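Each remark here refers to the structure printed beneath this line.
Model, not experiment: these values are computed from the prediction. Hydrogens, waters and symmetry mates are skipped; everything else that's a heavy atom, side chains included, is used. Whatever order the structure lists ligands and atoms in, that order sets their numbers, starting from 1.
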Amino acid sequence: MFVTFEGPEGSGKSSQIVLLASFLQENGFTVVRTREPGGTPIGNEIRACVHNVANTAMTPVAEMLLYSASRAQHVGELIRPSLTAGKIVLCDRFADSTIAYQGYGRGLDLAQLHQVTQIATGGLQPDLTFLLDIDVEVGLARRTGGGLEMNRLDLETVQFHQRVRDGYHRLAATDPFRWVIVDGERPLPIIQKELQTELVTRLKQKIST
Ligand code: TMP
């Protein structure tokens, strides 16, 4: 099963994924925990480049292609082989991030982005996507206050991040079965319980079909 986690900056995805992976492992599942950009040695090199705050000259199209290149490598080297081996893949961001950030955020053409995404993923779609939803200003304050790694996109305006959040809601509305919107402003253990319950339900559904 392929599960992705999306959301605006500071939505708490990473902490939730760590806890969810432990929960699944304790229950006998083999889990791969990964992220984008990154997840492979080549992807990590791309991550360093695309997030480098010194790369102010990077064009939106170059940015989008770098995220997509990282994704193509990730799908080919890690995600597809893991799914074929029957593992549960928990991925912090995937193709929906490109639509939300480079599409709704930067304003790149959505139809073209879907085409590039199709090439990068080879058509692979998550079985389940959690949208950890959070007020943009609350999320950005969490990031700057939490001493977390800052990247080029963290430096964008509040309006940019608001467009990204709105974009996520539009995406979620197009496929309400795949997307589960989770209120990310609640305490961490409550959110974790909700993720566990939803995932267990989906795993049972998958086993029974
Ligand atoms: P994170 O690992 O802290 O979530 O940071 C990833 C950053 O990269 C975040 O600002 C969102 C951005 N991003 C895109 O803009 N497009 C993409 O396709 C992906 C995967 C991430």
Side-chain angles (χ1 to χ4, degrees), residues 2-18 20 33-40 42-53 55-56 58-79 89-110 112-121 124-126 129-134 136-168 170-171 182 184:
F2 182 29
V3 186
T4 59
F5 298 76
E6 297 284 351
E9 311 297 324
S11 60
K13 293 178 282 89
S14 318
S15 319
Q16 293 294 348
I17 293 172
V18 172
L20 201 54
R33 184 158 59 83
T34 187
R35 70 172 177 181
E36 289 204 355
T40 65
I42 291 170
N44 286 331
E45 286 190 39
I46 296 172
R47 183 181 178 96
C49 172
V50 75
H51 284 176
N52 186 343
V53 287
N55 282 337
T56 50
M58 191 178 291
T59 70
V61 173
E63 177 185 276
M64 178 272 289
L65 290 171
L66 285 169
Y67 282 120
S68 301
S70 167
R71 180 161 308 126
Q73 186 65 31
H74 197 199
V75 169
E77 185 179 335
L78 183 69
I79 301 178
V89 176
L90 302 181
C91 189
D92 189 342
R93 299 193 182 280
F94 192 60
D96 298 304
S97 280
T98 296
I99 308 295
Y101 280 80
Q102 282 65 53
Y104 289 100
R106 296 262 188 246
L108 294 185
D109 182 82
L110 291 177
Q112 285 184 352
L113 286 187
H114 282 290
Q115 283 178 334
V116 174
T117 294
Q118 172 74 21
I119 296 170
T121 61
L124 179 69
Q125 280 239 354
T129 299
F130 288 113
L131 170 54
L132 271 84
D133 191 36
I134 185 168
V136 162
E137 296 196 48
V138 172
L140 288 172
R142 271 194 194 172
R143 271 194 85 91
T144 40
L148 296 168
E149 169 200 300
M150 296 297 282
N151 65 54
R152 280 190 317 107
L153 289 108
D154 292 318
L155 306 178
E156 283 297 328
T157 61
V158 171
Q159 288 80 358
F160 171 90
H161 290 287
Q162 190 60 56
R163 288 198 297 279
V164 169
R165 185 184 183 199
D166 293 344
Y168 273 128
R170 284 169 188 249
L171 281 169
V182 177

Protein contact of atom 20 (C) of ligand 1 - nearest heavy atom, named by residue and atom, plus distance: R71 NH2, 3.5 Å

Nitrogen or oxygen atoms of E9 and ligand 1 under 3.5 Å apart: yes

Test of proximity, E63 against ligand 1: N or O pairs below 3.5 Å: no

Atoms in ligand 1 flagged as close to E36, the criterion being non-hydrogen separation under 4.0 Å: 20 (C)

Where ligand 1 meets K13 - atom numbers and elements under 4.0 angstrom, heavy-atom basis: 4 (O)

Heteroatom distance test (Y101, ligand 1): nitrogen or oxygen, under 3.5 angstrom: no

Side chain to side chain contact (heavy atoms under 4.5 Å, CB included) partner of F94, the single match among V3, T129, T34, I79: I79

Taking atom 18 (O) of ligand 1 as the reference point, the nearest protein heavy atom with its distance: T98 OG1, 2.6 Å

E63 and M58: CA distance, side-chain angles, deciding distance, side-chain contact (heavy atoms from CB on, under 4.5 Å) verdict: CA-CA 6 Å; E63 177 185 276; M58 191 178 291; 3.9 Å; yes

Those residues that, when tested against I42, pass side-chain contact (heavy atoms from CB on, under 4.5 Å) (two or more places apart): T40, I46, Q73

Proximity to ligand 1 by part of R47, non-hydrogen separation under 4.0 Å: side chain

Shortest non-hydrogen contact from L131 toward G7: CD1-CA, 3.8 Å

Intermediate values then yes/no, side-chain contact (heavy atoms from CB on, under 4.5 Å), R106 and L153: CA-CA 10 Å; R106 296 262 188 246; L153 289 108; 4.0 Å; yes

Min N/O separation D92 to ligand 1 under 3.5 Å: no

Donor-acceptor side-chain pairing of Y168 and E6 below 3.5 angstrom: yes

No-hydrogen, no-angle side-chain donor-acceptor test under 3.5 Å, Y101 and R93: yes

Proximity to ligand 1 by part of M64, non-hydrogen separation under 4.0 Å: neither

Within reach of ligand 1, part of N151 (heavy-atom separation under 4.0 Å): side chain

Minimum-distance protein heavy atom relative to atom 21 (C) of ligand 1: Y67 CE2, 3.4 Å

Salt bridge (charged side-chain N to carboxylate O under 4.0 Å, His left out) contacts in which one or both residues fall within residues 66-75, not counting sequence neighbours: E36-R71

Pairwise distance CD(Q159) to NE2(H161) - rounded to 0.5 angstrom: 10.0 Å

Pairwise distance CD1(I17) to CZ(F5) - rounded to 0.5 angstrom: 5.0 Å

Residue-ligand contact H51/ligand 1, heavy atom below 4.0 Å: yes

Q102 N/O to ligand 1 N/O under 3.5 Å: yes

Rounded distance [0.5 Å steps], CG in L66 versus SG in C49: 5.5 Å

Short N or O distance, R35 and ligand 1, threshold 3.5 Å exclusive: no

Proximity of L153 to ligand 1 by residue part, where a heavy atom lies under 4.0 Å: side chain

Protein residue, atom and distance nearest to atom 4 (O) of ligand 1, heavy-atom basis: R93 NE, 2.7 Å

Taking atom 3 (O) of ligand 1 as the reference point, the nearest protein heavy atom with its distance: R143 NH1, 3.2 Å

